[in-house]
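Worksheet for the structure shown next.
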Amino acid sequence: MIRKAKIQDIKQIQALINSFAKEDLMLPRSLNELYETLRDFWVAADGERIIGCCALHISWDDLAEIKSFVVAKKAQGKGVGRELVLTCLSEAKELGVKRMFALTYKPDYFKKFGFKKVKNSALPHKIWAECINCCKFPNCQEVALIKNLPN
């Protein structure tokens, strides 16, 4: 079941994200950051257990990011990730977002949804402000992708 995240989900979301971050598959997230961005998050729940999450973060006037996207290993290959991404894309369209981007180590996954690889420099400078504090800066290997949303 895909739903908006709740405060009581935050510790499970962090555990899921950070378990993949330990494998160098995504960036870690602090509890503080997750609480501050709670309203950005959608979760996939199996009963009380969080098996996936994805955040829709508004960056600017017409631009939003899909971030912190992860699905538990046991739930992969069952359409959970697809539903999370489609939910974020749908919400973005409802909000009037014209362009979505993702920074990812798995660009082929996002290409299935119509995202196109772009040079990192094609994204607004504001996007990179968060990167300065990242443990991987300046040697990040994330790939930038962007998708234009239909009106």
Side-chain angles (χ1 to χ4, degrees), residues 1-60 63-92 95 97 99-115 117-147:
M1 166 172 136
I2 307 297
R3 62 169 172 76
K4 286 300 273 182
K6 300 176 184 175
I7 287 175
Q8 59 265 32
D9 299 328
I10 293 292
K11 290 182 181 172
Q12 285 189 70
I13 291 169
Q14 185 194 34
L16 184 59
I17 289 171
N18 289 350
S19 70
F20 280 77
K22 285 179 187 170
E23 295 180 37
D24 227 15
L25 299 172
M26 65 187 307
L27 299 175
R29 300 292 177 200
S30 69
L31 280 175
N32 182 61
E33 179 181 9
L34 293 172
Y35 280 117
E36 287 180 353
T37 60
L38 172 67
R39 290 181 175 192
D40 290 353
F41 276 88
W42 290 90
V43 295
D46 182 10
E48 297 294 313
R49 205 180 76 183
I50 302 303
I51 58 171
C53 66
C54 190
L56 171 67
H57 182 75
I58 305 301
S59 298
W60 199 245
L63 185 66
E65 177 182 10
I66 287 184
K67 62 192 295 186
S68 298
F69 170 56
V70 64
V71 175
K73 289 181 181 177
K74 290 181 180 180
Q76 290 180 6
K78 299 177 181 174
V80 174
R82 181 180 190 282
E83 289 302 314
L84 283 165
V85 171
L86 289 175
T87 299
C88 284
L89 290 171
S90 177
E91 182 184 29
L95 292 171
V97 172
R99 297 180 301 147
M100 291 288 298
F101 77 96
L103 299 169
T104 182
Y105 296 120
K106 305 281 185 182
D108 290 341
Y109 186 83
F110 286 93
K111 287 179 182 177
K112 295 177 196 175
F113 296 94
F115 282 80
K117 184 176 176 182
V118 295
K119 291 183 181 184
N120 290 8
S121 60
L123 295 175
H125 215 63
K126 179 185 184 308
I127 303 309
W128 306 108
E130 184 178 328
C131 297
I132 293 169
N133 298 317
C134 179
C135 58
K136 299 199 183 258
F137 182 79
N139 299 313
C140 180
Q141 300 299 311
E142 284 187 310
V143 175
L145 298 117
I146 200 156
K147 174 183 175 70

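Computed over heavy atoms, backbone and side chain alike; hydrogens, waters and symmetry mates excluded. Every value quoted in this text rests on a predicted model; they were computed, and no experiment measured them.
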Check your understanding: Does any N or O in the side chain of Q76 come within less than 3.5 Å of the main-chain N or O of V71, such that one atom is a donor and the other an acceptor?
Key -> yes
Side-chain donor-acceptor pairs under 3.5 Å in residues 83-90, sequence neighbours left out?
from, atom 1, to, atom 2, distance (Å)
T87, OG1, E83, O, 2.7

Point to revise | Results of ring-ring contact (aromatic ring centres under 6.0 Å, His included) for F113 - residues two or more places apart only | key: Y109
Review point. Under the 3.5 angstrom rule, does the side chain of E65 hit a backbone N or O of A102 as a donor-acceptor pair?
Key: no
Practice item. Assess whether side chain to side chain contact (heavy atoms under 4.5 Å, CB included) is satisfied between S59 and F101, documenting all intermediate values. Key: CA-CA 10 Å; S59 298; F101 77 96; 3.6 Å; yes
Check your understanding: Do other residues, nucleotides or ligands put more than 12 heavy atoms under 6.0 Å from K106 NZ?
Key -> no
Practice item. Output all residues satisfying side-chain hydrogen bond (donor to acceptor under 3.5 Å, both in side chains) with K6, sequence neighbours left out; order by chain, then residue number. Key: none
Check your understanding: E23: what forms a side-chain hydrogen bond (donor to acceptor under 3.5 Å, both in side chains) with it, not counting sequence neighbours?
Key -> K73
Practice item. Kindly write out the residues that satisfy side-chain hydrogen bond (donor to acceptor under 3.5 Å, both in side chains) with D9, not counting sequence neighbours, or none if the list is empty. Key: R3
Revision key, fill the gap. By side chain to side chain contact (heavy atoms under 4.5 Å, CB included), A55 pairs with (sequence neighbours left out) D40, F41, K67
Exercise for review: Kindly state each residue pair satisfying ring-ring contact (aromatic ring centres under 6.0 Å, His included) with at least one member in residues 9-30, sequence neighbours excluded.
Suggested key: none
Review point. Is any side-chain heavy atom of F115 closer than 4.5 Å to a side-chain heavy atom of I146?
Key: no
Check your understanding: Can you name the residues that form a side chain to side chain contact (heavy atoms under 4.5 Å, CB included) with D46, not counting sequence neighbours?
Key -> R49, I51
Check your understanding: With sequence neighbours excluded, what pairs up with E91 under the side-chain hydrogen bond (donor to acceptor under 3.5 Å, both in side chains) test?
Key -> W42
